[in-house]
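This report refers to the structure that appears directly beneath it.
Naming: A, B, ... by sequence-line order, numbering from 1 per chain.
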2 protein chains.
Amino acid sequence: MKKQSPRTRRHIRTRQAILDAALSIVHEDGPDGLSMRTLADRIDYSPAGLYEYFGSKEEIIAEVCDEGHRRLAAYMLEVESSLSSTDYLYGIGLAYIRFALENPDHFLLMFSSPQMAGDAPEDALPQDSESSYGILLHGIERGIDAGAFHVRPGFGLSEMGYAAWTLVHGMAMLRVTALRDVPLDLDAADHQALLNFMRGLQAA
Amino acid sequence: MKKQSPRTRRHIRTRQAILDAALSIVHEDGPDGLSMRTLADRIDYSPAGLYEYFGSKEEIIAEVCDEGHRRLAAYMLEVESSLSSTDYLYGIGLAYIRFALENPDHFLLMFSSPQMAGDAPEDALPQDSESSYGILLHGIERGIDAGAFHVRPGFGLSEMGYAAWTLVHGMAMLRVTALRDVPLDLDAADHQALLNFMRGLQAA
DNA sequence: CTATAATTCCGAACAGTGTTCGGTTTTGGA
DNA sequence: TCCAAAACCGAACACTGTTCGGAATTATAG
């Protein structure tokens, strides 16, 4: 399992250049600005040449989405783990929303299409500690272990994680779609919604 | 303000036929199946003829989205208003999700694009009792008036409405995108998430 | 009833899209 | 050195939304 030949090395390099250019275009001009021709132009290739590296445009977009999920997870990993369990979970939620607000087109691309999203749902949601959902689950687990969150029949870690995910996802999604340009203090509203969520977790 | 001439009557009739056909195509083949040519074919028109009734494809889609919001509101209006305030609000949330699950493509079309959605956000969200959000607000107001939901500083009707909307929207959105085809009992998870939300509202 | 004007409708075309194919050049290994 | 594989591109195909010119239809005014 050594290094590859210079050819395959260039291959993966230009492959990455394609993905980088695709991501740039999405961030600059939105998903509609991403065409095989503009993409090829940016890296001085012919449109046909791209098909030497990807089977279709959808494949490229799928990889852009994967990168998005990695970055989303990175946002969530930035939260200080020294915080109290409630503050920590609160920070996780804010990080999710912040990623959406700072990368609206990327976020929309990741979660607007029925497929996308690297979900390998065998019989459960991805619990690996490097995926965004896994990090979220970890935050809740901390609260449970600390006795801050109250587990009850039918409402354990999984259900709490689902509830938290849907809440922050709904806030993020609405703020980049229907509530874009609404002149209200949605940060404050998010704050209150998260507090209310945790009140439910803490209730005896 | 009498009836119109037979010409304008035909005009609005074919106009409606276009919208009906567009909605059918979205439901049958998804948004990608909706092209000006397939749309024109279905009502025995030429593609160019459509531009006598709509300025662009986007205009047509915008009206399809408007119709979607009306139908979403209709789902929520079906909830028995004789229920207790908590059961009523619970039903409202389920109706929102049910609409998304039964009309995934239509729902995605309504909430995937940054613009869309008939949001006239002057300085607040639409509170009219015929919009989906207005109905949701009404459900929460009932709980407040009945003393079931506890108002606190910074967390009044508006904030509760926002929190409820984002929660059900997140559940609906994820279930038609990332969580599509996940073999889990998400209905049960939705149930628990809604219960947890209300626990927060009820907490003293 | 007859001109005239407005509306309705379509064929054809334009610029753009993703993708495929054939052929040419470049490269790596035997 | 020779050959095969990989890389790359020009041209084309089928599709998209949209525009334009003209023809057919319909309503209105004289």
Among D:dT18, C:dG28, C:dG18, which is the nearest nucleotide to the side chain of A:K57? C:dG18
Report yes if at least one side-chain N or O of A:Y45 is closer than 4.0 Å to OP1 or OP2 of D:dC8; otherwise report no. yes
Please tell me whether B:H106 and B:F111 form a close aromatic pair, meaning their ring centres lie under 6.0 Å apart. no
Can B:R175 and B:D187 be counted as an ion pair, charged N to O under 4.0 angstrom? yes
On DNA chain C, more 5' by nearest nucleotide between A:R10 and A:A48 is A:A48
Proximal nucleotide (of C:dT27, C:dT19, D:dT19) relative to the A:S56 side chain: C:dT19
Is the positively charged end of B:R142 above the ring of B:Y88, judged by distance under 6.0 angstrom from the centroid and angle within 45° of the axis? yes
Length of the line joining A:E52:CD and C:dG22:P, which is rounded to integer Å: 15 Å
Report yes if a donor N or O on one partner sits less than 3.5 Å from an acceptor N or O on the other, where the partners are the side chain of B:R37 and the base of D:dG17; otherwise report no. yes
Does A:F107 have its ring centroid less than 6.0 Å away from the ring centroid of A:H169? yes
Is the phosphate of C:dT20 approached by A:Y51 (side-chain N or O, under 4.0 Å from OP1 or OP2)? no
For A:D105, the side-chain contact (heavy atoms from CB on, under 4.5 Å) test, sequence neighbours excluded, returns A:V26, A:P31
Whole-Å distance separating the CZ atom of A:R9 from the C1' atom of D:dA6: 16 Å
Is there a donor in the side chain of A:Y162 and an acceptor in the side chain of B:D190, or the other way round, less than 3.5 Å apart? yes
Classify the nucleic acid contact of A:F54 as base, sugar-phosphate or nothing, counting any heavy atom under 4.0 Å across all strands shown. nothing
Checking A:R199 against B:F155: charged group under 6.0 Å from the ring centre and within 45 degrees of the axis? yes
B:I60 CD1 to D:dG17 P, in whole Å, measures 9 Å
How many Å lie between CG on A:L39 and C1' on C:dT19, as a whole number? 14 Å
From the options C:dT17, D:dC9, C:dT19, select the nucleotide whose nearest atom is closest to the side chain of A:T38. C:dT17
Mind listing the residues from residues 11-36 of chain B sitting with a heavy atom below 4.0 Å of DNA chain D? Number order is fine. B:L34, B:S35, B:M36
